[in-house]
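Step one of this worksheet: look at the structure below.
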Amino acid sequence: MVTDRQTLAARPRRALCPAHPRHPLHPSRKPMLDLQYIYDNIDAVAKNCENRGVKVDLDQLKTLRDQRNALITETDAARHASKELSSKIPKADAATKAALVDEGRKLRETIAALEEKQREIEVALKEIQAAIPNMTHPDAPVGRLESESVAVRTWGEPPKFDFEPLDHVALCEKHQLYDLEAGARVAGHGFYFLKNEAVLLELALIQYAVQIVRKHGFTLHSTPDIARQDVLEGTGYQPRGNETQIYSIKDTDLCLVATAEITLGGTLKDQVLNVEQLPLKYAGISHCFRTEAGAHGKATRGIYRVHQFTKVELFAFTAPDVAESDAMHQQIVAIEEEIFQGLGIPYRVLDICTGDLGGPAYRKYDLEAWMPGRNEWGEITSASNCTDFQARRLGTRCKSGDKKGTQFVHTLNGTAVAITRALIAVLENYQQADGSIVIPEVLRPWVGQDKIG
RNA sequence: GGAGAGGUGGCUGAGCGGUCUAAAGCACCGCAUUGCUAAUGCGGCGUAGGUGUCAAAGCCUACCGGGGGUUCGAAUCCCCCCCUCUCCGCCA
């Protein structure tokens, strides 16, 4: 994912918490850790929250959990009584019947009151539960600051220019590769027209990425660009509210997707799979729409941070086993690296530190490309292993022959190529002294020329 | 967008206000039996939560597309929504 971690990856929590569990902003709508797991591993969870810089009242959670269980027992007993009573009514004579019906009516009220109480406790409980982030891979670097993420490896050499390199803004203007003014006129700031070779590059990058991921067994999808609210919620996005990153369509429950992670993850919402079907490897092409709320003033020049871009995304469902999802995570990162190595873009791989993981990720690697125009590294991809955190909310489970019941699968997502960021990296790294831009070898079959200008 | 039909357990499919604790069949598993393949009989066969236990068994509750309502009692009646199929309209 190419995204501002502060705003999207962190997925800020709601400010207000409406009481109804079905309310779109209700905390239960977020992915979360299993309640029983938290209860049984309270110390480990507490330690993890601390590492991630998240404050949670686990004592309160424990209290509420006990209250909840007691209430469930009580409510179930009341319902049992009610059922028993009802079954007597058909056989009763008229006199006792009236009395029984009356008693039943009272029982119904009791049950309703208990249920109401249970709901209240559940709301409070889930509010805490939803604030608890996923557990963390033992090898992930512990740290609070973005700078504490660890560069695990670097590939390629930042190009040395014997001239003053231009940034993508200058390059795009010079070669008429985009039209920001027209974009703003048509749709507002943050929207843009790609033009000329940039259009060909966009198509070429998609083709190139799609060919590679397909080679690695990812099933290609071109996905809807909109999704229902409950799909957004299932994948852990907050569709509405003040700080949302998501555009929603008025008077409907539809939203513009921020990534194909949402649509691909949604494909198996509430499904029970057979463990033998796993892993499932999906790739999706979609447009991505992001409001970038709260991101004003940060790198707003050009197309580094925009409200819409096109992306090829990888998504995987694996067996509920950390060894499995870990291996898939490595594979996804390897594919991302293969893509950027093929493009000849220098990059480094960051092992994201605990404080910057966001809620759902168990571990996350970002690729940052060298961007000469910024004279620094810039995020181009992001790959997360969400273990079962997202699947719990999505309701994607699997059955394995030897085990009773079902387990939540593990989900992973990663960027194959996000067009705007990749475009910046290509343009800036391949610029020449004469102002022209060389087209990377691997893209030429689709671009149809070897340089711009 | 309009009209009609329909969504029930892994699948087929009955039930249309009161042991539904969901019939039956298929599939699947176990046992028995028949010298093999196969057939037959018997039993089992879901998910989630709670309780219980060292663990389990067991017991309780919920779940018949989703949500809400009526009722002592709802798969069954009422309202809203979603989806599928057929036909019509519109359209790239």
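Throughout, a chain's letter reflects where its sequence line sits, starting with A, and its residues are numbered from 1. Quantities reported herein were computed from a predicted structural model and do not represent experimental measurements.
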Is A:K83 close enough to B:A62 that one of its side-chain N or O atoms is under 4.0 Å from OP1 or OP2 there? yes
Just N and O in the side chain of A:T73: are any of them under 4.0 Å from OP1 or OP2 of B:U61? no
What integer number of Å spans the C1' atoms of B:C83 and B:G30? 39 Å
When the C1' atoms of B:A38 and B:C60 are compared, how many Å lie between them, rounded to an integer? 44 Å
Check whether any side-chain nitrogen or oxygen of A:H80 sits under 4.0 Å from OP1 or OP2 of B:C60, and answer yes or no. no
So what does A:I89 touch, heavy atoms closer than 4.0 Å: a base, only the sugar-phosphate, or nothing? base
In whole angstrom, give me the gap between the C1' atoms of B:A14 and B:G6. 16 Å
Check this one for me: any side-chain N or O of A:R68 less than 4.0 Å away from OP1 or OP2 of B:G50? yes
Distance-only donor-acceptor test (3.5 Å): side chain A:N69, base B:G49: no
Applying the 3.5 Å cut-off to both distances, the Watson-Crick or G-U partner of B:C90 turns out to be none
Using Watson-Crick or G-U wobble geometry with both distances under 3.5 Å, which nucleotide pairs with B:G17? none
For B:C83, does OP1 or OP2 lie under 4.0 Å from any side-chain N or O of A:R228? yes
Can you check the distance between B:G46 and B:C29, where both ends of the measurement are the C1' atom (answer in whole Å)? 14 Å
Looking only at atom C1', what distance separates B:G9 and B:A62, rounded to whole Å? 15 Å
Answer for the Watson-Crick or wobble partner of B:C85, both distances under 3.5 Å, is B:G4
Write down the distance separating the C1' atoms in B:U70 and B:U76, rounded off to the nearest Å. 13 Å
Pairs involving residues 199-214 of chain A, ordered by first then second residue, that meet side chain to side chain donor-acceptor pair (under 3.5 Å) (sequence neighbours left out): A:E202-A:T310, A:Q207-A:Q211
C1' atom, B:G49 versus B:G89: distance in rounded Å? 49 Å
Residue matched to B:A24 through Watson-Crick or wobble contacts both under 3.5 angstrom: B:U12
With respect to the phosphate group of B:C72, does any side-chain polar atom (N or O) of A:R108 fall under 4.0 Å of OP1 or OP2? yes
In terms of side-chain heavy atoms of A:K399, which of B:G73, B:G46, B:G49 is nearest? B:G46
State the pairing partner of B:U53; accept Watson-Crick or G-U wobble contacts with both distances under 3.5 Å, and report none otherwise. none
Say we look at B:A39 and B:C28: how far apart would their P atoms be, to the nearest angstrom? 10 Å
